[in-house]
Amino acid sequence: MTEPQVVHGRRTAAGEVAVICSDLLRIDTTNEGEGRGRGERPAAEHVAALLADVGIEPSVVESAPGRTSVLARIPGTDPAAPAFLIHGHLDVVPADPAEWRVHPFSGEVRDGCVWGRGAVDMKGTLAMTLAVVRQRMREGRRTRGDLVLAFLADEECTGDYGSRHVVSHHREIFTGCTEAVSESGGFSVTVAPGATGGKRVYPIATGERGTTWMRLTVQGKAGHGSKPNSDNAVAELCHAVSRLASHEWPVRLTAGVRALLDGLADALGTTIDHDRLDDEARRLGRVGTLFEGTIRNSANPTRLDAGYKVNVIPGTATAQVDGRYLPGTRDEFLATIDRLLGPKVTREFINYEEAPAADPAGPTFAALAGSLKAEDPQAHPVPYVMSGGTDAKSFHRIGIKSFGFAPLLLTPDLDYFGMFHGVDERVPVEGLRFGTRVLDRFLDTR
């Protein structure tokens with residue numbers, strides 16, 4: 001590992017960001033879901049120490065043993081200015097070392113990248129935030145309004161132990177915050193990577209689909225497996241799940257997705273046919289992935305549970321479904337689900353979150369876009385809607401609108417979406433350094 005860069009006797013954000021990232025990746029914060037996992041406590045204590053080192057007084061809070069978050073509020077120069085929040089999560093999804101070229105919890109630097117589970121999602125972003133805040137504190141530079149930091153547990157499940165806990169039990173630290181930045185945006189997607197001087201699109205997330213994780217249950221008649229049974233719970237559930245899985249959801253173009261399509265058409269110098277968006281997504285390749293998952297609702301069966309013996313027809317069968325709906329389509333979505341399931345299937349929410357949205361035409365989006373363009377003359381920032389979900393949903397509950405902004409300059413060969421929860425997750429060192437410069441510029445506008 002290269003030592004942190006020192007300029008005129010001081011450490012720089014760009015110089016220490018890779019070191020911070022590598023150190024965070026070596027701390028295994030695997031979240032297996034449903035309350036199982038390593039816990040975030042060691043990573044939280046490490047983050048708190050980095051903040052305390054530069055004079056910040058962090059609060060280390062626990063929602064359950066080992067399920068730990070770090071909160072801090074740095075006073076600004078103008079008490080009347082609005083506070084601003086940067087939030088991110090400490091936990092990561094599981095990784096099997098046998099599948100990786102390097103150990104996923106090594107934090108190894110190889111081929112110009114920092115490797116490890118969470119490099120993209122999202123310890124690399126946490127490292128950028130920590131590096132920038134530490135440099136600004138050393139230099140005595142403050143934002144105009146208070147800057148609030150939240151390093152959270154449990155985003156990779158429901159957020160019950162993290163973001164949901166802090167907005168319910170530590171709401172006072174977010175007083176005056178109306179906007180925030182977090183993960184899943186601000187990364188580069190190179191257009192025509194083989195061309196000299198190829199353009200780079202930078203999607204900045206201004207919303208995400210709502211979440212409806214559902215448990216489906218069918219009650220039938222238990223009996224012997226060798227006898228006729230017209231009220232077989234397993235069969236009824238399988239028919240319902242099949243109808244759900246084979247349903248072709250119609251395209252629903254929300255304002256956020258339309259803004260993305262317009263921005264992409266302008267950046268690419270082409271037209272995008274709104275009447276054949278699936279074909280257009282395939283034509284546009286990696287750029288097409290920015291909208292292919294957000295032009296319609298979705299409901300994917302993910303789990304089936306029934307029975308205990310091959311010759312016994314069980315009286316109950318259950319399934320789980322990951323449902324996602326676009327802003328403004330909740331009622332239509334749920335009505336379609338109920339129609340497809342039929343009267344014999346009951347559903348309940350395992351997890352429900354509304355679809356949050358921020359303003360793509362407001363001054364904060366303009367400041368985010370301007371910070372990118374100042375560091376990359378080839379940058380074409382565009383608004384986009386995330387197909388998945390983040391802790392932004394929890395902060396939406398208390399009136400804070402989040403932008404997905406984790407600025408990162410990627411080489412054309414690196415597939416950002418493919419590395420999310422994927423094998424050989426890694427982030428370029430130069431990309432992290434770029435991100436610190438962009439984030440620092442943006443904080444100058446707060």
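Heads up: numbering here begins at 1 and tracks the sequence. Because only heavy atoms are used, hydrogens play no part in the values below, and waters and symmetry mates are left out as well, while side chains stay in. All figures in this text were calculated on a predicted structure; none of them were measured in a lab.
Annotation: F403 is not in aromatic contact with F442 [ring centroid separation under 6.0 Å not met].
Atom OG1 in T178 sits 11.0 Å away from atom CD1 in I398 (nearest 0.5 Å). To the nearest 0.5 Å, the span separating CG on L237 from CG on L304 amounts to 6.0 Å. Distance check, rounded to the nearest 0.5 Å: CZ of F434 to CG of D376 gives 5.0 Å. Separating the CG atom in L85 from the OG atom in S182 is a distance of 8.0 Å, to the nearest 0.5 Å. Between T346 atom OG1 and M214 atom CE the span is 12.0 Å, to the nearest 0.5 Å. In this structure, CE in M137 is found 10.0 Å from CG in L147, a value given to the nearest 0.5 Å.
Checking side-chain atoms of R200 against main-chain N and O of S188 turns up no donor-acceptor pair under 3.5 Å. A donor-acceptor contact shorter than 3.5 Å is absent between the side chain of S63 and the backbone of G162. Checked by atom type and distance alone, the side chain of R433 never pairs as donor or acceptor with a backbone atom of V17 at under 3.5 Å. Panel note: side chain T289, backbone R286; a donor-acceptor pair is recorded below 3.5 Å. Distance alone, capped at 3.5 Å, is enough to place a donor-acceptor pair between the S371 side chain and the A367 backbone. Under the 3.5 Å distance criterion, the side-chain polar atoms of R134 are matched with a main-chain donor or acceptor of L50.
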Fill in: Residue pair F291, L284: steps toward the side-chain contact (heavy atoms from CB on, under 4.5 Å) verdict
CA-CA 10 Å; F291 64 82; L284 295 173; 4.0 Å; yes
Item to complete: Before giving the answer on side-chain contact (heavy atoms from CB on, under 4.5 Å), spell out for L409 and E430 the whole-Å C-alpha distance, their side-chain angles and the decisive distance to 0.1 Å.
Response: CA-CA 8 Å; L409 180 60; E430 288 304 320; over 6 Å; no
Worksheet entry | Residues V438, M128; criterion side-chain contact (heavy atoms from CB on, under 4.5 Å); working and verdict | CA-CA 10 Å; V438 173; M128 288 190 285; over 6 Å; no
Item to complete: Could you go through the salt bridge (charged side-chain N to carboxylate O under 4.0 Å, His left out) check for R26 and D23 one step at a time?
Response: CA-CA 5 Å; R26 282 195 288 269; D23 288 344; 2.3 Å; yes
Worksheet item: Could you walk me through whether R347 and V345 pass the side-chain contact (heavy atoms from CB on, under 4.5 Å) check?
Response: CA-CA 7 Å; R347 63 167 171 83; V345 182; 5.7 Å; no
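Counting only heavy atoms from C-beta outward, the side chains of R426 and M419 approach each other to under 4.5 Å. A 4.5 Å side-chain heavy-atom check between P428 and L414 finds at least one atom pair inside the cut-off. Contact annotation: the side chain of Y416 never approaches that of V189 to less than 4.5 Å [non-hydrogen atoms, C-beta and beyond].
Between the side chains of D91 and Y161, no donor N or O sits under 3.5 Å from an acceptor N or O. In summary, the side chains of K123 and T29 do present a donor paired with an acceptor at a separation below 3.5 Å, with no hydrogens or angles considered. There is no side-chain donor-acceptor pair under 3.5 Å between N351 and T158. Between T68 and E40, the side chains place no donor N or O within less than 3.5 Å of an acceptor N or O (distance only, hydrogens not considered). Judged purely by distance below 3.5 Å, without hydrogens or angles, the side chains of H165 and S69 never pair a donor atom with an acceptor atom. Using a 3.5 Å distance cut-off with no hydrogens or angles, the side chains of T390 and E183 do not pair a donor with an acceptor. A donor and an acceptor atom, one from each side chain of W213 and D322, are located under 3.5 Å apart.
Taking both residues in full, the closest heavy atoms of A43 and I27 are given as N-CG2, 3.7 Å, listed atom of the first, atom of the second, then distance. The two residues P301 and V321 come nearest to each other via the heavy atoms CA-CG2, 4.1 Å. Nearest heavy atom pair, residue Y325 against residue E353, reads OH-O, 3.5 Å. Counting all heavy atoms, side chain and backbone alike, A358 lies closest to P360 at O-CD, 3.2 Å. Minimum interatomic distance between Y202 and L408 (heavy atoms only, all atoms of both residues): CE2-O, 4.0 Å. The shortest heavy-atom contact between D146 and G76 is OD1-N, 2.8 Å.
Salt bridge annotation for K401-D359: absent, with no cationic side-chain nitrogen under 4.0 angstrom from a carboxylate oxygen. Salt bridge status for R117 with E156: absent, with no side-chain N to carboxylate O gap under 4.0 Å. The pair E32-R38 counts as a salt bridge, with a side-chain nitrogen and a carboxylate oxygen less than 4.0 angstrom apart. In this structure, D444 does not pair ionically with R441, as no charged nitrogen and carboxylate oxygen lie closer than 4.0 Å.
Applying the side chain to side chain contact (heavy atoms under 4.5 Å, CB included) rule to R296 yields the partners W249, V251, D278; only residues at least two apart in sequence or on another chain are considered.
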